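Heads up: the structure comes next, in structure tokens.
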Amino acid sequence: MARQNRVLGTFLIIACMLGATANAFEGDIVYSKRQGEVERELRLSHWHASKKQVAEFDYVYTEKGKQCQFSVTGHALADLESEGVPTVFNPEDANGKETDQIWTFSDKSVLLTLPYDARKLKKFAYFSIEFTPEIRKQSCTKKGKNLEAAFGRAK
């Protein structure tokens, strides 16, 4: 039983390492979209695996409108399950058909969702940040509990 647990533990560590490096991207990935008078942009850069083989990257989210300008930067880490394996989801569409796998990254009050398959990283991204009074005041988004932005294909 102990040998079986060691083998399983080793497998999980290797799977985590492969996930962190196999899904890597080089350079920057930039998503942008316009909603009304507000231009939104999400830039991802410096993807790498940490010493613990956890996928991580830097991000910059910006909003620009006639009456507002808002930006938040940070460093996001892959969300991990208790075994140290990246949290990967298999969402379904409205017809119950399985869609592309996604994984989540977080940094303080920010949540980012990206395709798990590196070949599809430029396909979409989702950005969410919990509003604090300070963030709400600066943001172009004045209503709602959180600031949320879903992006389609990257540039």
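Remember, predicted model here, so these are calculated numbers, not experimental data. One is the number of the first residue; the rest follow in order along the sequence.
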| said: Just to verify, which of V60, L114, L121 counts as forming a side-chain contact (heavy atoms from CB on, under 4.5 Å) with L44? | reply: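 By the side-chain contact (heavy atoms from CB on, under 4.5 Å) criterion, L44 pairs with just one of V60, L114, L121: L114.
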
| query | Among F151, Y61, F105, which one satisfies ring-ring contact (aromatic ring centres under 6.0 Å, His included) with F127? | reply |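 The passing option is Y61.
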
Near [X] [atom1], under 6.0 Å, is it more than 12 heavy atoms from other residues, nucleotides or ligands?
X	atom1	value
K33	NZ	yes
E37	CD	no
E92	CD	yes

| Same cluster (ILVMFWY, side-chain, under 4.5 Å), F70 and V38 | no

| message | According to a hydrophobic-cluster definition based on side-chain heavy atoms being under 4.5 Å apart (Ile, Leu, Val, Met, Phe, Trp, Tyr only), do Y31 and Y116 belong together? | response | yes

Closest non-hydrogen atom pair, [X] against [Y]:
X	Y	result
R43	V30	NH1-CG2, 3.2 Å
S128	E148	OG-CG, 3.8 Å
G65	C140	N-SG, 4.2 Å
Q138	C68	O-CB, 4.4 Å

| query | CG/D28 to OG/S45 distance, rounded to the nearest 0.5 angstrom? | reply | 5.0 Å

| query | Roughly how far, to the nearest 0.5 Å, is CZ of R34 from CD of E41? | reply |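 Those atoms lie 12.5 Å apart.
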
Just by modelled atom types, is the [Y] backbone N or O under 3.5 Å from a matching donor or acceptor in the [X] side chain?
X	Y	answer
T87	T104	no
D117	R119	yes
D107	H75	yes

| According to the interplanar angle, ranging from 0 to 90°, do the rings of W47 and F57 count as parallel (below 30°), tilted (30 to 60°) or perpendicular (above 60°)? |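 Correct class here is parallel.
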
| Is the closest side-chain heavy-atom distance between T141 and Q35 below 4.5 Å? | no

